[in-house]
A.B. asks: 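Input: one structure, supplied below.
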There are 2 protein chains.
Amino acid sequence: MSSPITPLDLTLDGGALTARLVDFPSVSGDEKALADAVEAALRALPHLTVDRHGNNVVARTNLGRSERVVLAGHLDTVPIADNVPSWVEGDLLYGCGTSDMKSGVAVQLRLAATLTEPNRDLTFVFYDCEEVEAARNGLGVLVRTHPDWLAADFAVLMEPSGAVVEGGCQGSLRADILLTGTRAHAARSWLGDNAIHKAAEVLRRLAEYQPRRVAIDGLEYREGLNATRIDGGVAGNVIPDECRVHVNFRYAPDRSVEEAEAHLRSVFEGFELDLVDVSPAALPGLGQPAARDFLAAVGGEPRAKFGWTDVARFSALGVPAVNYGPGDPNLAHKRDEHCSLSAIAETEERLRAWLS
Amino acid sequence: MSSPITPLDLTLDGGALTARLVDFPSVSGDEKALADAVEAALRALPHLTVDRHGNNVVARTNLGRSERVVLAGHLDTVPIADNVPSWVEGDLLYGCGTSDMKSGVAVQLRLAATLTEPNRDLTFVFYDCEEVEAARNGLGVLVRTHPDWLAADFAVLMEPSGAVVEGGCQGSLRADILLTGTRAHAARSWLGDNAIHKAAEVLRRLAEYQPRRVAIDGLEYREGLNATRIDGGVAGNVIPDECRVHVNFRYAPDRSVEEAEAHLRSVFEGFELDLVDVSPAALPGLGQPAARDFLAAVGGEPRAKFGWTDVARFSALGVPAVNYGPGDPNLAHKRDEHCSLSAIAETEERLRAWLS
């Protein structure tokens with residue numbers, strides 16, 4: 001038995017549609033009802049072909065245009081924190097997902113419903129589980145199962161960017177450095193070999209590390225290398241035999257994963273490095289024709305994206321991608337998350353101008 | 001309603017009596033039945049005055065001798081680990097508490113029962129909760145409530161020492177050094193201030209620290225300064241705002257608590273130190289007449305005691321104290337804990353020679 005599908009009215013304006021989406025809870029793992037509603041609303045539009053895999057919905061025009069662009073967004077939110085249903089204060093719409101990223105999804109849906117004759121073929125991607133562990137990410141699932149659905153010349157990921165174009169993204173490597181020694185009673189410390197003391201040199205190299213700044217396609221990327229965790233010790237009276245330093249290297253998109261790993265290994269030469277997590281960087285690709293037109297249409301000064309985002313998944317498919325969405329990234333995941341109603345309208349208008 | 005008291009037969013030899021005591025479980029906090037039995041057995045001896053406070057029992061001769069010595073031991077054991085009841089293999093008695101320290105208690109009881117006319121007045125102290133947190137330690141309770149019961153010229157604590165005299169004990173200071181910074185997302189690490197990286201200098205000073213060796217009363221004490229725990233970090237993608245290094249300074253008995261603290265603060269000058277635990281050291285006191293006679297009687301080469309033991313509680317009362325017991329300190333708290341039957345007999349014989 002399936003529940004009846006709650007209809008979505010795509011004739012509402014972007015702000016009102018965002019409010020409807022926020023009032024439709026879809027915490028990661030619980031996106032089915034919203035995915036059903038999105039799918040039903042898109043299937044009602046005769047100019048779109050609609051595909052679905054799990055709770056991931058892809059709608060495409062097939063007009064034979066010379067270029068195809070993707071507009072992508074995730075349906076899920078972080079857990080609700082007493083901030084649903086949504087409410088309006090002046091120009092601001094408050095509620096869970098207003099910024100990250102149901103305002104972006106509302107713009108996608110508005111464009112899908114109204115751009116029946118776009119100047120480029122369009123692919124609208126709605127996916128699940130962006131806010132949880134990478135293995136569950138719906139866009140990642142589509143990359144593995146239906147990469148053909150994502151084929152395009154350029155992609156816009158509508159994550160909150162303050163309505164500024166954020167190009168590419170940094171890569172991220174996480175690794176453990178395990179220092180080992182020999183346990184002994186602290187009263188006879190000369191019988192032991194203190195593993196925590198051996199972390200001194202690892203932390204020294206980190207403290208003295210000079211991170212690089214690099215310009216790519218006119219955007220400045222800043223790297224960073226940090227210990228994000230350290231943990232060692234057995235008891236207050238025992239010389240510890242293990243100490244683990246967890247490091248995170250955020251690197252600019254002119255390094256491949258392999259180059260980033262080689263750099264990390266050279267920084268910690270003499271220590272054993274255990275890679276925990278590897279995320280490739282994404283080049284901004286702002287030199288692409290579709291990207292140049294996009295920049296001209298949306299205006300403003302593009303900037304580098306520092307956090308890792310799903311643009312890297314497009315980049316891995318050979319599709320240059322940028323972040324551009326109406327939400328404010330600094331408000332994402334906060335209890336007082338909100339989004340400017342005029343920013344939602346403006347984002348929709350600029351994208352429509354680019355695609356008409 | 002109280003349970004009937006299980007009688008203890010003090011005419012058994014030291015090894016057999018140790019076995020009986022081991023078969024009488026008395027894990028820390030659960031010493032009442034054994035304290036009852038010890039008290040009853042001592043009260044049956046007309047040459048002794050017996051006092052009790054909680055599960056701490058003190059028995060004294062009152063012969064007006066010019067010197068008084070204490071023989072002290074704790075009644076409790078660490079938790080049983082499938083090693084009760086005791087069993088014998090050749091010269092070895094196995095079981096929980098055989099080494100730490102029911103063999104010592106058996107020797108105390110044997111001497112209490114048989115030394116009716118000792119050459120020095122004797123005080124036998126049996127106490128509880130030595131194996132748990134210091135605040136519950138029964139000897140500490142007696143120091144606070146009945147210091148007069150412990151008055152003496154010299155004390156022998158019958159903790160396992162491999163039948164070698166171990167003089168005094170090291171002091172121990174434990175302190176936390178808290179490093180603080182500012183949280184930020186690891187993708188924008190320049191907005192943060194990494195607290196873990198600040199631990200580099202703390203660990204460098206520890207790694208380069210040269211511990212002192214010092215001779216006192218002919219015994220060599222070796223100091224040690226170590227990080228025994230380190231802990232910092234919020235999440236794999238967050239610049240951490242806190243890192244805590246826990247250090248343990250074991251110091252020789254020529255330093256007072258205040259001097260040890262001042263030394264620690266000078267080593268970590270520039271960092272804030274939060275003292276967690278302070279244990280004074282104990283001087284070996286081997287120059288005392290009672291100590292010199294004791295050394296001559298028991299023979300062997302005395303050595304410094306490195307671990308902190310309850311001798312420091314006697315030292316704080318102005319009573320020089322040594323560790324001397326039949327058990328092997330390396331076997332304490334182990335599942336295969338055992339004690340040599342001949343060492344038990346020999347310890348009793350040597351103490352009897354000293355006191356007769």
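To find a chain, count down the sequence lines: A is the first, B the second, and so on, and within it residues start at 1.
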A.B. asks: Sort out for me which of A:P211, A:G233, A:C243 touches chain B most, counting heavy-atom pairs under 4.5 Å.
C.D. replies: A:G233
A.B. asks: Relative to chain B, which of A:H246, A:R222, A:K305 shows the most heavy atom pairs under 4.5 Å?
C.D. replies: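 Of the options given, most contacts go to A:R222.
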A.B. asks: Out of curiosity, B:I230 CD1 to A:L179 CG, how far, rounded to the nearest 0.5 Å?
C.D. replies: 10.0 Å
A.B. asks: Which members of residues 180-202 of chain B, sorted by number, sit under 4.5 angstrom from chain A on a heavy-atom basis?
C.D. replies: B:H185, B:A186, B:A187, B:R188, B:S189, B:W190, B:N194, B:I196, B:H197, B:A199, B:A200
A.B. asks: Heavy-atom cut-off 4.5 Å, strictly under: side chain, backbone, both or neither for B:N237 against chain A?
C.D. replies: both
A.B. asks: Give me the atom names and distance for the closest heavy-atom approach of B:A227 to A:P240.
C.D. replies: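 Answer, listing the atom of B:A227 first, then A:P240: O-CD, 3.4 Å.
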A.B. asks: Just wondering, more than 12 heavy atoms not from A:E269 lying within 6.0 Å of its CD?
C.D. replies: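 Count not over threshold, so no.
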A.B. asks: Counting only heavy atoms from other residues, nucleotides and ligands, does the tally under 6.0 Å from CD of B:Q210 exceed 12?
C.D. replies: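 Not more than 12 within 6.0 Å, no.
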A.B. asks: With a 4.5 angstrom heavy-atom cut-off, is it the side chain or the backbone of A:D231 that approaches chain B, or both, or neither?
C.D. replies: both
A.B. asks: Give the interface residues of residues 160-177 of chain B toward chain A, defined by a heavy-atom separation under 4.5 Å.
C.D. replies: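 Near chain A, by residue number: B:Q170, B:R174.
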A.B. asks: Around atom CD of A:E208, are there more than 12 heavy atoms from other residues, nucleotides or ligands closer than 6.0 Å?
C.D. replies: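 Buried by this count: over 12 neighbours within 6.0 Å.
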A.B. asks: Can you establish whether the number of heavy atoms outside A:E259 located under 6.0 Å from its atom CD is more than 12?
C.D. replies: yes
A.B. asks: With a 4.5 angstrom heavy-atom cut-off, which part of A:V234 approaches chain B: side chain, backbone, both or neither?
C.D. replies: backbone
A.B. asks: Heavy-atom distance under 4.5 Å to chain B: side chain of A:R250, backbone, both or neither?
C.D. replies: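 The answer is the side chain of A:R250.
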A.B. asks: Measuring heavy-atom distances to chain A, does B:N248 have an atom under 4.5 Å in its side chain, in its backbone, in both, or in neither?
C.D. replies: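 Only the side chain of B:N248 comes within 4.5 Å of chain A.
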